[in-house]
Amino acid sequence: MEFIYPPTCLLCQADISDGAHQHPAFCTGCLNKLTTVTVDACLRCGAPIGPFTVATDHCILCKREGFAFDEVIRLGLYREETRVACLRAKNPSGALLGRTLANCLIDAQQIRLSQQTFDAIVPVPEHWLKRLVRSQYAAETMARQIATRLKVRLATDILAKARWTPKQAKSSPVQRRQQQQDAFRVVKSSLHGQSILLVDDILTTGATADAAAKALKRAGAKRVVVAVVAVSPPRV
Ligand SMILES: [Zn+2]
Ligand SMILES: [Zn+2]
């Protein structure tokens with residue numbers, strides 16, 4: 001393994017030094033909860049769909065949204081262990097967990113990721129003021145790991161957050177959309193014809209990823225695929 005892990009599970013702190021656990025960072029119980037929800041998701045927005053729905057390109061939830069991104073590739077749903085893991089990965093000491101979650105995402109979605117090629121991996125950026133006070137932030141830590149694993153260029157200088165947006169947890173889906181409108185701008189030249197893998201830790205309403213994807217497409221990107229650790233359960 002590429003990282004040095006402590007002898008305890010990164011999520012529940014159970015002792016995993018006995019060699020009985022298949023993952024070097026998580027106990028079997030936590031690993032199963034993190035990785036068993038990858039099936040039956042809408043290919044377009046990552047929302048869970050029923051067994052009788054075909055996961056083609058739009059589910060009932062994203063049909064009305066008209067997202068600017070083309071696809072969402074995700075590990076799990078934002079609940080239970082996955083939620084705890086995402087929250088901890090945001091901490092200053094969460095980089096190891098963030099990189100490990102990125103690895104779990106790549107391992108779980110190897111087929112979909114290998115079916116396409118990307119010109120650049122772009123983390124959803126934070127406003128520079130927020131970056132000043134944080135030693136690491138999850139989206140960039142995860143994007144860096146995904147870029148290393150997929151051997152694709154990490155581009156942290158393409159997309160910038162043009163203005164401060166309020167904390168999204170306190171806003172309604174409609175407010176989120178309004179807040180994220182034109183919140184991003186492409187700093188670097190033309191992305192003409194490029195295929196971008198946009199990385200974030202969580203996709204909630206999709207408003208942030210949508211606004212970021214819009215900016216990338218306005219700069220010429222042909223395709224924007226979003227990779228996240230967790231998608232929040234149906235936004236009905
Ligand atoms: Zn555990
Ligand atoms: Zn959908």
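Indexing begins at 1, ligand by ligand and atom by atom, following the structure's order. Computed from heavy atoms alone, side chains included, the values below leave out hydrogens, waters and symmetry copies.
- Rounding to 10°, one obtains 110° for the angle at the Zn ion (ligand 1) between SG (Cys30) and SG (Cys9).
- When all heavy atoms of Tyr5 and Ala25 are compared, the pair lying nearest together is CE2-CB, 3.3 Å.
- Hydrophobic clustering keeps Val229 apart from Leu87 (ILVMFWY residues linked when any side-chain heavy atoms are closer than 4.5 Å, directly or through intermediates).
- Take the Zn ion (ligand 1) as the corner point: the lines to SG of Cys27 and to SG of Cys12 open at 110°, to the nearest 10 degrees.
- Here Cys42 contributes SG and Cys59 contributes SG, and at the Zn ion (ligand 2) these two atoms make an angle of 110°, given to 10°.
- Using a 4.0 Å cut-off between charged nitrogen and carboxylate oxygen, Asp119 and Lys222 do not count as a salt-bridge pair.
- The line from CZ of Phe26 to OG1 of Thr100 is 5.5 Å long, rounded to the nearest 0.5 Å.
- With the Zn ion (ligand 2) as vertex, Cys45 SG and Cys62 SG subtend 110°, rounded to 10°.
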